[in-house]
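Everything below concerns the one structure shown next.
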Amino acid sequence: MELQQLDLDASPGQTERAKWLLSSPDPPSLWHELRSSIRETVLPQQRKKKSPTQGHVLFLQGLFPILKWGRSYSATKFKKDLMAGLTLASLCIPQSIGYANLAKLDPQYGLYTSVVPPLIYALMGSSREIAIGPVAVVSLLLSAMTQKVVDPSVDPVAYRSLVFTITFFTGAFQAVFGIFRLGFLVDFLSHAAIVGFMGGAAIVIGLQQLKGLLGLSNFTTKTDVVSVMEAVVKALHHSWYPLNFVLGCSFLIFILITRFVGTRNKKLFWLPAMAPLFSVILSTLTVYLTKADKHGIKIVKHFKGGLNPSSVHQLKFGGPHVGEAAKIGSICALIALTEAIAVGRSFASIKGYHLDGNKEMVAMGFMNIVGSLTSCYAATGSFSRTAVNFSAGCETVVSNIVMAITVLVSLLLFTRLLYYTPFAILASIILSALPGLIDLNEAYNIWKVDKLDFIVCLGAFFGVLFGSVEIGLLIAVSISFAKIIVDSIKPSTQVLGKLPGTDIFCDILQFPAATQIPGILIVSISSGTLCFANASFIRERILKRVFNENETNEITKGVRVLILDMSNVMNIDTSGIYSLQELHKKLISGGTKLAVANPRWQVITKLKTAKFVDKTEAGLFFFNIADAVEYCLRFKINVLDNC
């Protein structure tokens, strides 16, 4: 295929563009970027300068979004939010009691967590649909990791104190992540890792509910499948009460049927939302009227109501377990943020508005910090309750306020009525929420798209299932990091060619129609950074490509110019600069010149500072590949002599 001749007329703008590239100003300093990051987190973007008063107003509106949208709030929206909030509360109350039991806390702490955190989030959060409160995965994470430090059955007061301290650290980490725009840390838990972790956690949570479902008094504190099944088998050979199983399974079937009906008929969305609360009321009345607790039915009994008591005095920052509390808090912060932001963005995309992840982190952080001071444990966004909130037609976070007030009224007036609530019904409510955590279709899609990602998914799943929550997370993060490290250490390089009739240069393997230019080898680096980890590897790969072209390629018949496309390289360190210097020396010794196309801002600044531009030819730095090719053909270098 004949090579299309390039236009050899000099482009008047090519030289000017090269000057722009080499005379670009220095990029912002690290301190400047940090200040800008903090300002952007709490202030909306404004192009016009504002007065100090207006600046303070904007700051408050950025920190408390309710001050901005609250001015246009209407009675019509409140009517919808009121109905959504009441529907949400009917699901939240029984779930919160069940999740508190999963976290090895008394039932009222689950309800406390459904009062204060939603109110704080309503002031600071920007998602309109997300429902805040305790969730199954975070409750499991807390109990699984905290009871290794303090046994709740031996010292419940110290256990509760440690949980509140962990919640404080959880909020502190979340707030710091948001203020310093460290949201990328959440991304270390990849989508595949989350799918596997959630699936494994769902099974572990389900197995933990066998204690309440079977009416067992003694149960293992371990979470792995083998230990739980051994505990169940041992318990079945001793005393267990079949009535608990019959009661729990009956209401579990009822809840699942209502969910199926609600899924098939969207107008009956309220039916699965009301089913758990109806089950609690009906089962409690049944036990009370039949005196079933005298015949082996395990009931809640202790249930303290009233307003959230202060827990400031229970926070322990100087005890022997503060290090463990910080470690557990950091893990809970990541898991809670991952779930909340995923839920919030999913529904925000449906409604067509943008959700700022960093502002969400700040809101989540402050709500958990305040929650730790008011007898709450770690809260986040719940997918199941958010789906109910969305289906109920919520318009704003006022639905969270309505829900919190409803739960508070229940704490003040109705907690004594829950004395006879059976543990079996709480177990069935938690079990009914677990199928939504296991996403087999998504696991299959991961398998089809990326086999290595599927290994990450399996690692998290089996790690949680047969090891522990920490082991599952560690395996998933380790495999993900290994993948990142391998990609960073050994990035690919592509040989580029020109598409006929265009000025577009692309990979000749991906686009066979692209043709190489005689005497010129164009190589693109796919790595985002040229650093100590990959600089030597990239240098050797490039030299090998030049050698192979010189030895075997009939088209080029010798590489006279190597054009290095650095459009993908966002940054470079001293090792990368040194490797470029070595590459330049070896190319010059072999009669090949080096040209650099499209170096990014940080890269060209560091190359100028390191005098690399002065040591090479300043005229061989170009705005893009087309300029580099045109210059090489038109002026300094006669690459066609040997063709």
Ignoring hydrogens and geometry, is there a side-chain-to-backbone donor-acceptor pair from [X] to [Y] under 3.5 Å?
X	Y	result
S399	E395	no
D151	S153	yes
S311	S375	yes
S161	A158	no
N368	G371	no
S310	T374	no
N400	I130	yes
S90	L277	no
Y99	L140	no
T415	K304	no

**OP:** Measure from NZ or CZ of R416 to the centre of the six-membered ring of F303 and say whether it is under 6.0 Å with the direction within 45° of the ring axis.
**Re:** no

In this structure, are over 12 heavy atoms from other groups packed under 6.0 Å from [X] atom [atom1]?
X	atom1	result
K79	NZ	no
Y353	OH	yes
F254	CZ	yes
F366	CZ	no
F269	CZ	yes

Looking only at non-hydrogen atoms, find the nearest pair between [X] and [Y] and report the distance.
X	Y	value
T380	A336	OG1-O, 2.7 Å
Y73	D81	OH-OD2, 2.6 Å
P134	S96	CG-OG, 3.7 Å
C457	V195	SG-CG1, 4.0 Å
T338	L334	OG1-O, 2.7 Å
V300	L418	CB-O, 4.1 Å

Pairwise side-chain contact, [X] with [Y], heavy-atom cut-off 4.5 Å (strictly under):
X	Y	result
L214	N244	no
Q209	L213	no
K104	Q147	yes
I429	V280	yes
M364	I132	yes
I335	F197	yes
K77	V398	no
C376	N308	yes

Original post:
Parallel, tilted or perpendicular: which fits the ring planes of F390 and F347, with parallel below 30° and perpendicular above 60°?
Top reply: tilted

**OP:** Give me the ring orientation class for F317 and F169: parallel if the planes are under 30° apart, tilted from 30 to 60°, perpendicular past 60°.
**Re:** perpendicular

**OP:** Give a yes or no on whether a salt bridge exists between E470 and K327, defined as a side-chain N under 4.0 angstrom from a carboxylate O.
**Re:** no

Subject >> Distance-only donor-acceptor check, side chains D224 and S227, under 3.5 Å >> reply: yes

Original post:
Looking just at side-chain N and O atoms, do S126 and E360 make a donor-acceptor pair shorter than 3.5 Å?
Top reply: yes

Could you state the interatomic distance from [atom1] ([X]) to [atom2] ([Y]), rounded to the nearest 0.5 Å?
X	Y	atom1	atom2	result
F278	S283	CZ	OG	10.0 Å
F64	M124	CZ	CE	5.0 Å
L408	I401	CG	CD1	13.0 Å
I166	K316	CD1	NZ	14.5 Å
Q208	L431	CD	CG	11.0 Å
L141	I205	CG	CD1	9.5 Å

**OP:** For side-chain contact (heavy atoms from CB on, under 4.5 Å), just list the numbers for Y112 and Y377, CA-CA rounded to whole Å, side-chain angles, deciding distance to a tenth of an Å, and then say yes or no.
**Re:** CA-CA 8 Å; Y112 291 157; Y377 72 95; over 6 Å; no

Original post:
Can you list the steps and then say if I179 with V362 is a side-chain contact (heavy atoms from CB on, under 4.5 Å)?
Top reply: CA-CA 7 Å; I179 291 173; V362 173; 4.0 Å; yes

**OP:** Assess whether side-chain contact (heavy atoms from CB on, under 4.5 Å) is satisfied between I97 and L111, documenting all intermediate values.
**Re:** CA-CA 6 Å; I97 296 172; L111 296 179; 4.2 Å; yes

**OP:** For L282 and F251, run side-chain contact (heavy atoms from CB on, under 4.5 Å): C-alpha distance rounded to whole Å, both residues' side-chain angles, the deciding distance at 0.1 Å, then the answer.
**Re:** CA-CA 10 Å; L282 185 58; F251 281 101; 3.9 Å; yes

